[in-house]
Amino acid sequence: MNFSLTDSQLAIQHRARDFAQTRVAPIAREMDERGSMPLDLVREMGALGLLGGPLPKEYGGEAWDAVSLALCYEELGRVDSSVRGFMTVHTSLVSQCILAWGTDEQKKSILPKLARGEWIGCYCLTEPNAGSDAASMETTAVQDGDSFVLNGEKIWITNGGVADIAIVFASADRSLKHKGICAFLVETNTPGFNREKMPGHELGHRASDHASIQFENMRVPQSALLGKAGEGFKVAMSALDHGRLGVSAGALGVAQACLDASVAFARARRQFGQRIGDFEMIQAVIANMAADVDAARMLVYRAAWLKDTGARVTRETSIAKLFATEAAVRAASEAVLLHGGRGYSNEYPVERYYRDIKGLQIYEGTSHIQRIVIARDVIGKEN
Ligand code: CAA
């Protein structure tokens with residue numbers, strides 16, 4: 001077993017860290033307060049080679065391995081979950097999904113634009129009545145000659161308000177349940193594609209763009225199908241294998257950021273005549289956090305490393321997402337407490353980590369759903 005990173009992985013980690021620390025960290029609080037991220041950051045990430053990282057060179061990428069991509073998400077997650085979340089949807093749920101399922105024509109025409117950040121991608125699965133039970137979606141796709149007509153509603157679509165291209169899931173035959181679902185590549189300027197901001201004010205991830213999207217007699221050509229008709233659920237689930245690894249790496253970044261902030265505070269803050277880090281109760285908190293961060297890192301890197309061997313890593317990815325997000329929830333909660341009154345204010349970033357991390361435990365499959373995926377694989381089907 002070799003736990004060290006290669007030179008190329010280290011170079012990617014440093015590139016992502018440099019961008020995160022110099023370009024994102026200084027504006028993270030302002031983005032959170034304003035409720036949006038500047039789209040200039042997207043172009044910069046494209047120009048730096050981050051957005052297309054895992055794509056082959058012919059589509060504008062750098063053919064990163066999965067460990068490198070996880071390192072990039074970890075560095076972004078250490079600084080800001082909204083920017084990391086933007087990239088996970090754009091690169092993992094959308095670009096990697098098109099790479100896996102697209103025709104040559106679809107890949108050639110769409111992936112270079114996504115790699116450059118010239119186009120933004122979103123992934124439209126969740127509906128008002130189909131969240132965890134994604135296969136029960138109510139959006140319909142009716143074949144009409146050589147096109148499909150889509151009607152329905154999607155909610156909580158990250159990047160949905162700013163996206164140029166959407167992967168849209170709809171059922172061509174609801175009686176077939178998941179086997180009736182189709183995936184479509186839809187340009188968001190298609191007539192009948194209507195979007196608006198999600199109502200309400202999110203707990204965290206406030207700089208993310210979350211949209212509600214309505215399809216009203218939206219006509220798309222047969223050539224918009226991603227994968228074959230009826231394969232849409234597999235397209236969706238395989239995309240989530242990419243996305244969930246990204247979320248778990250982002251959660252690892254949040255946990256690391258909580259540890260870094262707690263250690264710095266425990267060294268600097270003095271009470272009762274000594275550093276608070278010299279009290280055993282504080283030491284126990286920091287030791288638990290450090291152990292959690294290490295365990296999360298091992299699980300995230302293990303899933304990424306296994307993915308690079310070509311294996312299907314659904315179970316390992318769900319284990320990584322479950323553990324890393326829950327470890328980061330614990331770390332953020334303890335970090336706020338350890339900072340005392342200061343942790344309760346956005347003067348210190350732990351307050352934002354605490355609000356943001358709850359989202360990672362929910363989207364791309366809640367912790368409950370990850371437990372279902374893991375348990376089904378561990379116990380197996382009845383013969
Ligand atoms: N890769 C490929 N195929 C897969 C797969 C995977 N990871 N997981 C399942 N499948 C296949 C199965 O093999 C099965 O195929 P067959 O019919 O050929 O046997 C088929 O899909 C159906 O699988 P299940 O019977 O397991 O399906 P289910 O209806 O019981 O659902 C579930 C399983 C795990 C609960 C799934 O519905 C799920 O993951 N739900 C959560 C959805 C989710 O994560 N939503 C978040 C959306 S994205 C988001 O958060 C917002 C955003 O903007 C990004």
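Indexing begins at 1, ligand by ligand and atom by atom, following the structure's order.
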R219 NZ/CZ over F193 ring centroid, <6.0 Å and within 45° of normal
no
Those atoms of ligand 1 less than 4.0 Å from some heavy atom in [X]:
| X | answer |
| --- | --- |
| W156 | 51 (C), 52 (C), 53 (O) |
| Y363 | 50 (O) |
| K179 | 16 (P), 17 (O), 18 (O) |
| G365 | 43 (C), 44 (O), 46 (C) |
| T314 | 7 (N) |
| D241 | 1 (N), 6 (C), 7 (N) |
| K234 | 3 (N), 15 (O), 18 (O) |
| L240 | 43 (C), 44 (O) |

Strictly less than 4.0 Å: does any protein heavy-atom distance to atom 13 (O) of ligand 1 fall in that range?
no
Do protein heavy atoms approach atom 19 (O) of ligand 1 to less than 4.0 Å?
no
Hey, what's the ring geometry for H210 with H205, parallel, tilted or perpendicular (30° and 60° as the breaks)?
tilted
Can you confirm, on distance only, whether ligand 1 has an N/O atom lying under 3.5 Å from any N/O atom belonging to E364?
yes
Are any side-chain N or O atoms of [X] and backbone N or O atoms of [Y], one a donor and one an acceptor, separated by less than 3.5 Å?
| X | Y | result |
| --- | --- | --- |
| R275 | A266 | no |
| D209 | T158 | no |
| E74 | A251 | no |
| K113 | E118 | no |

[X], [atom1]: over 12 other non-hydrogen atoms inside 6.0 angstrom:
| X | atom1 | answer |
| --- | --- | --- |
| E280 | CD | no |
| R34 | CZ | yes |
| Y354 | OH | no |

My understanding is that we take every heavy atom of each candidate and find the minimum distance to atom 17 (O) of ligand 1. Doing that for H178, M237, R315, which one comes out nearest?
H178
Taking all non-hydrogen atoms of both residues into account, name the closest pair between Q370 and S318 and its distance.
OE1-OG, 2.7 Å
Can you tell me which residue and heavy atom of the protein come closest to [atom], and the distance to 0.1 Å?
| atom | result |
| --- | --- |
| atom 33 (C) of ligand 1 | R376 NH1, 3.7 Å |
| atom 48 (S) of ligand 1 | Y123 CE2, 3.8 Å |
| atom 54 (C) of ligand 1 | L93 CD1, 3.3 Å |
| atom 39 (O) of ligand 1 | R244 NH2, 2.9 Å |
| atom 29 (O) of ligand 1 | A135 CB, 3.8 Å |
| atom 6 (C) of ligand 1 | R312 NH2, 3.2 Å |
| atom 47 (C) of ligand 1 | T126 OG1, 3.5 Å |
| atom 53 (O) of ligand 1 | T158 N, 3.0 Å |

Evaluation steps, side-chain contact (heavy atoms from CB on, under 4.5 Å), between L150 and E216:
CA-CA 7 Å; L150 274 66; E216 274 182 70; over 6 Å; no
Measure from the ring center of Y344 to the ring center of H339 and say whether it is less than 6.0 Å.
no
Measure V373 to ligand 1 on non-hydrogen atoms and call it side chain, backbone, both or neither using the 4.0 Å cut-off.
side chain
Y123 vs F169, side-chain contact (heavy atoms from CB on, under 4.5 Å): CA-CA, chis, key distance, verdict
CA-CA 8 Å; Y123 169 94; F169 298 93; 3.5 Å; yes
